Visitor: 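The structure under discussion is supplied below as structure tokens; questions concerning it will follow.
As the structure is a computational prediction, the values presented were derived from the model and not from experiment.
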Amino acid sequence: MNTPYSYNAESIKILKGLEAVRKRPAMYIGNAHSEGLHHLVYEVVDNSIDEALAGFCNQIDIMIMQNGSITVRDNGRGIPTDIHPETGRSALEVVMTVLHAGGKFEKKGYAISAGLHGVGVSVVNALSEWMEVEVCLKGEVFFQRYLKGIPEEQVRIIGKSDSTGTTVRFKPDPSIFEVTQFGFDILANRLRELAFLNKGIRINLVEESGERSLSFLYEGGIVSFI
């Protein structure tokens with residue numbers, strides 16, 4: 001039988017890292033239904049939109065993969081990968097695994113922002129069965145993989161590249177979401193709006209199966225799509 005004295009210091013639980021997000025996903029994305037599922041994509045895309053608003057990105061590609069995962073790629077500057085002075089870890093790992101970590105709290109990185117100020121992408125990572133990030137930066141390709149928000153390895157170099165940008169691949173965790181199938185039309189409606197609100201940014205949505213694809217670009221008159 002519970003008594004008033006059952007609620008004591010031992011009742012206070014401290015959740016480490018991204019564990020709090022997995023325990024209470026609705027606090028961060030609204031719910032674990034279709035709306036919350038698609039919200040994951042919006043959070044990743046918003047980071048790319050922020051790069052576009054800062055003047056460093058003009059194309060975002062979103063692909064619905066046949067294995068139930070999503071790929072979001074942009075041609076922005078790329079998430080920094082050098083060592084973060086306060087944590088001693090790669091800045092990429094910090095951004096992907098620490099809530100409220102990002103370049104949007106001060107105007108040095110972003111004068112304006114569309115995303116949740118560094119919260120979004122780490123929340124997506126926490127709620128994914130797995131996530132992979134590739135960053136093209138300074139002539140090299142950096143890579144890190146995560147399982148349920150936890151790094152599986154250190155950030156490492158996997159190749160060379162003449163371009164810059166960030167690619168995020170993730171698969172929502174079926175133990176959290178009641179629905180794990182992404183709707184092409186749902187994503188298309190949101191991406192059309194983003195193209196309209198952000199002139200000059202081409203946003204491509206593709207199904208890996210090849211069944212459907214759309215490209216949105218607002219150039220001042222109408223949102224054109226192919």
Side-chain angles (χ1 to χ4, degrees), residues 29 38-64 69-84 90-125 128 131-144 146 155 157-170 187-188 190-206 214-220 223-225:
I29 59 169
H38 290 84
H39 193 83
L40 300 182
V41 183
Y42 308 152
E43 287 299 339
V44 179
V45 171
D46 278 348
N47 280 349
S48 298
I49 292 291
D50 288 338
E51 278 292 282
L53 293 175
F56 297 101
C57 170
N58 61 15
Q59 181 165 317
I60 305 169
D61 301 313
I62 300 94
M63 181 175 287
I64 303 173
S69 67
I70 287 281
T71 296
V72 178
R73 178 184 298 110
D74 68 48
N75 63 349
R77 290 171 290 184
I79 299 173
T81 59
D82 51 325
I83 299 301
H84 187 267
S90 169
L92 172 60
E93 182 176 318
V94 173
V95 168
M96 302 305 297
T97 62
V98 179
L99 288 176
H100 307 291
K104 305 170 191 177
F105 295 102
E106 296 184 4
K107 292 185 177 181
K108 294 178 181 179
Y110 295 91
I112 51 179
S113 171
L116 287 179
H117 304 285
V119 175
V121 72
S122 59
V123 167
V124 176
N125 193 10
S128 296
M131 175 182 278
E132 296 176 347
V133 182
E134 287 184 15
V135 176
C136 295
L137 183 68
K138 300 177 181 178
E140 296 179 310
V141 182
F142 298 83
F143 175 86
Q144 190 170 39
Y146 315 84
V155 174
I157 297 172
I158 61 171
K160 301 289 185 180
S161 176
D162 295 329
S163 62
T164 62
T166 301
T167 300
V168 177
R169 306 182 190 92
F170 69 93
L187 292 177
R190 172 64 172 173
L191 297 176
R192 183 184 291 109
E193 293 173 354
L194 287 174
F196 179 79
L197 294 171
N198 297 277
K199 179 181 176 181
I201 304 171
R202 180 176 294 279
I203 304 178
N204 302 312
L205 175 63
V206 179
L214 285 173
S215 182
F216 305 103
L217 175 64
Y218 179 67
E219 296 178 300
V223 179
S224 60
F225 59 93

Visitor: Mind listing the closest non-hydrogen atom pair of Thr97 and Glu93 along with its distance?
Guide: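 Thr97 and Glu93 have their closest heavy atoms at OG1-O, 2.6 Å.
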Visitor: Working to the nearest 0.5 angstrom, can you tell me the gap between Ile203 CD1 and Tyr218 OH?
Guide: 13.5 Å
Visitor: Partners of Asn58 by side chain to side chain donor-acceptor pair (under 3.5 Å), sequence neighbours excluded?
Guide: Asn75
Visitor: Rounded at 0.5 Å granularity, tell me how far CE in Met131 sits from OG in Ser122.
Guide: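 Separation between the atoms: 9.0 Å.
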Visitor: Could I get the full list of ring-ring contact (aromatic ring centres under 6.0 Å, His included) partners for His84, not counting sequence neighbours?
Guide: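 For His84, no residue satisfies ring-ring contact (aromatic ring centres under 6.0 Å, His included) once neighbours in sequence are set aside.
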Visitor: Which heavy-atom pair separates Lys199 from Glu219 by the least distance, and what is that distance?
Guide: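 Closest pair (atom of Lys199, atom of Glu219, distance): CE-O, 3.6 Å.
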Visitor: At their closest point, which heavy atom of Glu51 faces which heavy atom of Gly78, and how far apart are they?
Guide: OE1-N, 4.3 Å
Visitor: List the steps and the verdict of side chain to side chain contact (heavy atoms under 4.5 Å, CB included) for Asp61 and Gln59.
Guide: CA-CA 7 Å; Asp61 301 313; Gln59 181 165 317; 3.2 Å; yes
Visitor: First locate atom CG of Leu187, then atom CD1 of Ile70, and finally report the distance between them rounded to the nearest 0.5 Å.
Guide: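 Interatomic distance, Leu187 CG to Ile70 CD1, rounded to 0.5 Å: 5.5 Å.
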Visitor: At their closest point, which heavy atom of Val95 faces which heavy atom of Val121, and how far apart are they?
Guide: O-CG1, 3.7 Å
Visitor: Can you tell me how far apart CG (Asn204) and CE (Met63) are? Round to the nearest 0.5 Å.
Guide: 9.5 Å
Visitor: Sequence neighbours left out, what passes side chain to side chain contact (heavy atoms under 4.5 Å, CB included) with Ser161? Give chain and number order.
Guide: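 Listed in chain order: Cys136, Val141, Ser163.
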Visitor: Side chain to side chain donor-acceptor pair (under 3.5 Å) with Thr71: which residues, sequence neighbours excluded?
Guide: none
Visitor: What is the minimum heavy-atom distance between Phe216 and Ala195, and which atoms define it?
Guide: CB-CB, 3.5 Å
Visitor: Just jot down the salt bridge (Lys or Arg N to Asp or Glu O under 4.0 Å) partners of Glu132, sequence neighbours excluded, or say none.
Guide: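 Testing Glu132 for salt bridge (Lys or Arg N to Asp or Glu O under 4.0 Å), a comparison that skips the adjacent residues, returns Arg145, Arg169.
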Visitor: Using the side chain to side chain donor-acceptor pair (under 3.5 Å) criterion, which residues pair with Ser90? Sequence neighbours excluded.
Guide: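 Checked Ser90 against side chain to side chain donor-acceptor pair (under 3.5 Å); zero matches.
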Visitor: Show, in sequence, the C-alpha distance, side-chain angles and deciding distance for His38 and Arg190, and conclude whether the side chain to side chain contact (heavy atoms under 4.5 Å, CB included) test is met.
Guide: CA-CA 10 Å; His38 290 84; Arg190 172 64 172 173; over 6 Å; no
Visitor: Partners of Leu137 by side chain to side chain contact (heavy atoms under 4.5 Å, CB included), sequence neighbours excluded?
Guide: Thr81, Val135, Phe142
Visitor: Hey, what do you get for OG1 (Thr164) to CD1 (Ile79), rounding to the nearest 0.5 Å?
Guide: 12.5 Å
Visitor: Who pairs with Asp74 by side chain to side chain donor-acceptor pair (under 3.5 Å), at least two apart in sequence or on another chain?
Guide: Ser48
Visitor: Looking only at non-hydrogen atoms, find the nearest pair between Gly120 and Glu43 and report the distance.
Guide: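 Taking every non-hydrogen atom into account, CA-OE1, 3.4 Å.
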Visitor: Quick one: sort the His39 and Tyr42 rings into parallel, tilted or perpendicular, breaks at 30° and 60°.
Guide: perpendicular
Visitor: Taking atom CD1 of Ile60 and atom CG of Asn198, what is their separation to the nearest 0.5 Å?
Guide: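 Those atoms lie 7.5 Å apart.
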